[in-house]
Amino acid sequence: MSVIHLTANSRLTQTLKQQAFLAQSSTVAETPVIMTLAQWWQQWEQACLLRGELQEGDFAHKRLSTFEAQLVWEQVLEKESAQRLDEQGEPLALLNLSTTAKQLNQAWSLWMEWLDETQRLQTQDMHFDSQEVALFKKAAQHYQSILESHNWQDETLRQQSRLQWLAEGKGRVPQRIELHGFDELTPIMRRWQGVLEQRGCEVVIAEDSVMPVSPQRYVYKARDPADEVQQAASWCVQQWLALQKTQPLHTIKIGVVAPNLGDYKSALSQQLDEQLALAFQQPLNLQSPQRQTLYNFSLGVSLLEVPIVKNALQSLKIFCQPKRRCAYEEWSQWLISPYTAEDIGRRQQADSKLRRLQWASFRWPTLIESDAAQALPKGLLKRLQNWQRFLEKQPTSSIGIRDFVELAESCFERLGWAQSRSLNSDEYQQKQTFMEVLAQFKQLTSIQQKQSVDSWLAVLQRFVSETVHQSQSRGLQPIQIMGMLEAGGQHFDALWVLGLTDEAWPRMPSPNPFLPMDLQRQYSLPRCDAQRELKYAHQVTQRLSQAAPQQVWSFAAFLGEAEMLASPLLESRWLAESQPFLPQAYQSLAYEHFARRSDLQWELDNRGPQIPAGSHAPGGSGILQAQSKCPLMAFLDFRLGARNGLQDVEEGLQSTNQGTLVHEILECFWQETRSQSNLLMLSDEQVADRLQTQIENRFDALKNAFDGAYLKLEQARIMELLLQWLEVEKQRPPFAVAETERETFIELAGIEFRIVIDRIDLVEGQKVILDYKTGKASVGDLLKSPIKAPQLAVYLHAMEEQDAVSGIGYGLLHSDDGVSLNALVAEDEILSKLRSVTVFAKKSEKEGDDFYGVRWQDFLDSLRQEVLDLAKSIQQGVADMTFDKPADVAYAASLLALRLPEVEAQLAEAGICQEALE
């Protein structure tokens with residue numbers, strides 16, 4: 001007898017084939033024919049062609065995919081909107097063109113599949129009382145005319161043609177067809193069933209095998225979704241361990257089913273990984289990246305979310321649009337991706353170097369034509385240069401779909417996409433799927449117009465997003481995780497159904513807005529109302545209640561702070577006698593590792609290795625500044641190199657860049673102007689012109705990294721800041737600028753330090769040391785003991801013994817706080833006209849002051865000694881975790897490694913309060 005088994009989905013097909021194979025291992029029988037309904041139709045069509053019952057001319061010129069049909073609906077909507085604009089003066093009020101087209105396509109499919117021709121004719125005169133329904137009626141006529149004019153068919157029309165051919169007696173039909181996993185038969189399936197039965201084929205719905213014993217059912221009211229997932233994962237592993245003792249491993253099947261599987265996928269995967277690792281059933285992903293898991297999800301992911309595909313689309317977005325500005329973070333993601341060509345270590349080094357340029361946005365041809373290109377690996381640079389030469393000969397402003405796909409394929413080949421290393425099995429499948437999707441995209445002949453690369457990329461991205469990818473299962477996977485629909489016709493050794501809140505099951509109604517509600521209810525269209533969803537949920541729940549001898553049905557009592565209600569299906573007659581599930585003691589992987597820890601041995605480790613004599617100080621005088629605030633921070637940031645990590649690339653000029661610009665501009669200005677008297681001789685216009693020249697010279701190197709309008713604003717801001725600063729300079733006693741940006745090397749405690757003194761002025765024959773700051777600073781830190789801001793004091797070691805230093809201070813140029821000269825001077829006449837100047841002689845003469853009776857030179861010597869003491873502590877490897885206040889280490893590159901919460905807890909345990917430290 002000729003029998004064919006048709007299934008509702010491919011997962012059930014594989015399950016039935018596996019069961020048939022296992023049954024044949026002990027008996028001799030004919031291999032059953034098992035396939036999905038879609039596969040049966042395809043085979044039937046091909047057989048008709050081979051026998052000559054159908055000719056090529058019987059088929060439409062083009063069979064539209066769902067995506068192509070939606071594009072046609074978009075064309076219809078655009079024309080309808082334009083026509084309405086001409087007739088009524090206002091366009092259609094559409095929230096989103098593509099979303100509306102999807103809804104219209106769905107309405108068309110429901111209209112054609114759930115209503116036969118007679119029913120559609122009967123409803124043609126139905127009162128279309130809403131604008132949405134009226135739009136569908138008009139748009140559907142337009143849609144049909146487009147398909148007829150091109151001899152195209154969408155999937156719905158194709159199915160009707162097949163039914164007509166079948167009714168005409170074409171093709172052979174089997175004696176019997178058994179349907180598996182269909183919770184309901186759609187009207188078009190019932191029409192198909194009727195035609196087959198008229199031709200003598202028996203069509204039956206296969207009965208589920210009867211459970212050998214009454215199922216044991218339990219209901220679990222979890223605290224929240226996290227608790228629910230933890231218990232489900234732990235239960236699955238326990239069932240797996242128990243079933244191994246009674247039956248062969250390849251026959252074990254444990255099911256986890258959820259109405260909203262996407263909400264649980266990530267948490268379930270993590271918890272199963274942990275519980276299986278604790279049971280020594282599979283290694284963690286970090287321990288074995290190529291591992292095979294003992295579980296499998298039926299829920300695929302959008303191909304758009306797959307990392308290798310993200311990199312492919314990002315490559316097209318960047319390199320097929322040479323005139324488009326690229327944000328650095330976008331460039332960085334592409335550069336260090338594992339799917340970009342050349343050695344990843346060298347690409348990461350290039351990323352670190354390029355970040356220092358602070359090119360927040362740029363055009364990639366500008367980058368590879370500049371000196372910055374030398375940071376890239378030579379092989380990658382050569383690929384980019386070859387691609388640039390190729391692209392110069394290709395049109396990109398207006399091209400057809402085939403030209404666009406060929407451009408994309410050339411881009412992948414020339415840039416070496418996904419060729420830098422061997423791909424694992426999943427990545428290889430993902431790459432192959434994407435290339436197949438790209439080939440399908442090339443066949444979208446329904447898009448005839450030429451458009452820009454940017455427009456094609458947007459369409460391609462939508463096309464890729466609608467492709468769901470799931471890598472093929474590998475090896476033994478006894479734990480099967482699936483949605484309610486995929487579980488149709490499946491049987492399990494144990495089953496956990498989770499997520500059964502009243503909001504998730506039954507599903508919420510979702511009627512189509514473009515079909516009359518009365519019509520949808522009359523013909524019981526999918527998702528039309530709550531009654532239909534409840535009826536459907538009853539069918540599925542009843543089926544699942546007979547799907548396994550061991551069952552747990554669960555829901556979360558709380559979602560955040562919101563209290564959730566159980567699904568009414570848990571009160572159905574099939575589950576009414578379920579027993580409460582007793583939760584098992586749950587133990588996470590982290591807690592298990594903590595419990596297995598050995599006793600901690602506390603050791604005082606506050607010393608690093610000494611710095612050998614003659615070594616260069618890492619970070620120059622910056623390490624002295626850090627050592628004064630927190631020795632451990634200095635050790636981690638400078639000696640261990642934490643400060644050399646990746647720099648952030650900001651959209652605007654970083655504060656460090658702004659400070660560098662100010663330094664360079666003032667350096668050149670004073671090299672030309674030389675003294676205050678020369679400054680006073682210049683008119684305001686001459687000062688502005690001199691500054692503007694220097695500003696333009698310095699900003700010229702930034703034109704490729706930032707927008708021109710932004711740079712003009714920054715130039716104006718810096719100009720205003722410098723003009724304000726020069727007004728402060730004019731109020732000082734007469735001075736001459738002796739040196740600017742003086743670079744020198746000094747030796748402290750056997751360590752060589754490179755320092756750069758921003759400026760040295762001569763005032764009455766004595767020297768004043770100035771350091772420019774675009775942030776906040778105060779010479780008051782020099783008066784604290786121990787010293788907290790040693791940078792100015794370090795400069796004293798660079799002065800000759802015969803040099804008479806009469807003042808040290810900061811030139812503060814801050815856009816928000818304004819400009820000022822914050823300095824400490826020996827005598828009043830050095831900078832007497834400025835309010836923010838501290839005169840040391842007055843402090844020395846004031847009884848009760850900390851520096852009463854201290855000579856200026858002695859004070860400078862004490863500063864030199866404190867710097868030397870800091871250098872000695874650095875050389876000796878002192879790395880204590882001590883600081884005055886958290887703000888001192890708040891901006892450390894090694895902030896996480898400093899573990900402040902742990903330090904504060906230890907201080908509290910020792911009875912030392914933070915206020916005492918501050």
Side-chain angles (χ1 to χ4, degrees), residues 304-391 396 407-424 427 430-431 434 453-454 457 460-461 464 641 643-654 656-657 701-707 893:
L304 191 64
E305 299 303 315
V306 173
I308 191 172
V309 176
K310 281 186 175 181
N311 178 259
L313 294 175
Q314 191 175 53
S315 299
L316 297 179
K317 187 176 181 181
I318 295 174
F319 296 106
C320 289
Q321 302 180 87
K323 295 182 180 179
R324 172 184 171 272
R325 295 192 73 85
C326 169
Y328 187 82
E329 287 308 313
E330 182 182 7
W331 168 268
S332 178
Q333 289 174 8
W334 173 83
L335 182 60
I336 63 176
S337 167
Y339 309 110
T340 299
E342 305 302 326
D343 179 70
I344 189 169
R346 294 182 179 179
R347 287 188 278 115
Q348 289 172 335
Q349 291 175 2
D351 180 46
S352 179
K353 293 177 182 177
L354 291 172
R355 283 176 177 272
R356 298 183 191 128
L357 299 178
Q358 290 296 305
W359 284 22
S361 67
F362 54 90
R363 297 178 178 89
W364 66 266
T366 303
L367 175 65
I368 67 172
E369 291 168 0
S370 68
D371 294 338
Q374 300 307 312
L376 297 172
K378 292 182 179 179
L380 182 58
L381 178 59
K382 185 176 180 180
R383 287 179 181 273
L384 293 174
Q385 291 170 339
N386 290 338
W387 173 245
Q388 183 184 21
R389 288 192 292 269
F390 173 82
L391 200 60
T396 57
L407 182 69
E409 292 171 342
S410 297
C411 182
F412 296 146
E413 180 62 30
R414 291 174 181 268
L415 294 184
W417 170 64
Q419 297 176 16
S420 60
R421 61 174 176 81
S422 298
L423 302 178
N424 62 37
E427 291 172 327
Q430 292 160 1
K431 179 181 178 181
F434 175 68
V453 167
D454 183 54
L457 279 171
L460 175 61
Q461 186 165 311
V464 172
R643 64 187 293 272
N644 298 322
L646 291 179
Q647 295 185 6
D648 290 331
V649 180
E650 301 178 4
E651 286 300 320
L653 287 174
Q654 281 193 331
T656 52
N657 280 13
L702 301 174
K703 64 182 179 181
N704 291 326
F706 299 98
D707 180 73

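In what follows, residues are counted from 1 in the order of the sequence shown.
For Ser370 (side chain) and Leu367 (main-chain N/O), a donor-acceptor pair under 3.5 Å exists by modelled atom type. Side-chain atoms of Glu369 never come within 3.5 Å of backbone atoms of Thr366 as a donor-acceptor pair (strictly under, hydrogens ignored). Side-chain atoms of Arg347 come within 3.5 Å of backbone atoms of Ser337 as a donor-acceptor pair (strictly under, hydrogens ignored). Side-chain atoms of Gln321 come within 3.5 Å of backbone N or O of Lys317 as a donor-acceptor pair. Remark: side-chain polar atoms of Ser420 are paired, donor with acceptor, to backbone N or O of Pro338 under 3.5 angstrom. A donor-acceptor pair under 3.5 Å is absent between the side-chain atoms of Ser332 and the main chain of Tyr328, judged by distance alone. Between the side chain of Arg363 and the main chain of Cys326, no donor-acceptor pair closer than 3.5 Å is present.
Between the side chains of Gln333 and Gln314, at least one donor N or O sits under 3.5 Å from an acceptor N or O. No side-chain N or O of Tyr339 forms a donor-acceptor pair with one of Gln419 less than 3.5 Å apart.
Applying the ring-ring contact (aromatic ring centres under 6.0 Å, His included) rule to Phe319 yields the partners Trp334, Trp364; only residues at least two apart in sequence or on another chain are considered.
In this structure, the side chains of Leu335 and Leu354 come closer than 4.5 Å at one or more pairs of heavy atoms.
Atoms CG and SG, from Leu407 and Cys320 in turn, are 4.0 Å apart once rounded to the nearest 0.5 Å. Between the CZ atom in Arg414 and the CG atom in Leu384 there is a gap of 12.5 Å [rounded to 0.5 Å]. Separation of atoms CG (Leu313) and CD1 (Ile308) is listed at 11.5 Å; rounding is to 0.5 Å. Note that the CG atom of Asn386 and the CG atom of Leu381 stand 9.5 Å from one another [nearest 0.5 Å]. Cys411 contributes atom SG, which lies 9.5 Å from atom CZ of Phe390 (distance to the nearest 0.5 angstrom). A distance of 12.0 Å separates CH2 in Trp387 from CD1 in Ile368, rounded to the nearest 0.5 Å.
When Arg355, Gln349, Gln348 are each tested for a side chain to side chain donor-acceptor pair (under 3.5 Å) with Asp351, only one passes: Arg355.
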Candidate pair Trp417 and Asn311, rule side chain to side chain contact (heavy atoms under 4.5 Å, CB included), full reasoning = CA-CA 8 Å; Trp417 170 64; Asn311 178 259; 3.1 Å; yes
Check step by step if side chain to side chain contact (heavy atoms under 4.5 Å, CB included) holds for Asp454 and Arg324.
-> CA-CA 10 Å; Asp454 183 54; Arg324 172 184 171 272; 5.7 Å; no
Could you please spell out the steps behind the side chain to side chain contact (heavy atoms under 4.5 Å, CB included) verdict for Leu380 and Asp343?
-> CA-CA 9 Å; Leu380 182 58; Asp343 179 70; over 6 Å; no
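The existence of a salt bridge linking Lys378 and Glu342 is excluded, since no basic side-chain nitrogen approaches an acidic carboxylate oxygen closer than 4.0 Å. A salt bridge between Arg325 and Glu330 is absent, with no side-chain N of the basic residue lying under 4.0 Å from a carboxylate O of the acidic one. For the pair Glu305 and Lys310, the salt-bridge criterion is met [side-chain N within less than 4.0 Å of a carboxylate O].
Residue Arg346 places its CZ atom among 12 or fewer non-hydrogen atoms of other residues, nucleotides or ligands, all under 6.0 Å distant.
In this structure, Ala350 and Ala375 approach most closely via the heavy-atom pair CB-O, 3.1 Å. Arg383 and Ala341 get closest at one heavy-atom pair: NE-CB, 3.7 Å. The heavy-atom pair separating Ala312 from Phe434 by the smallest distance is CB-CE2, 3.8 Å.
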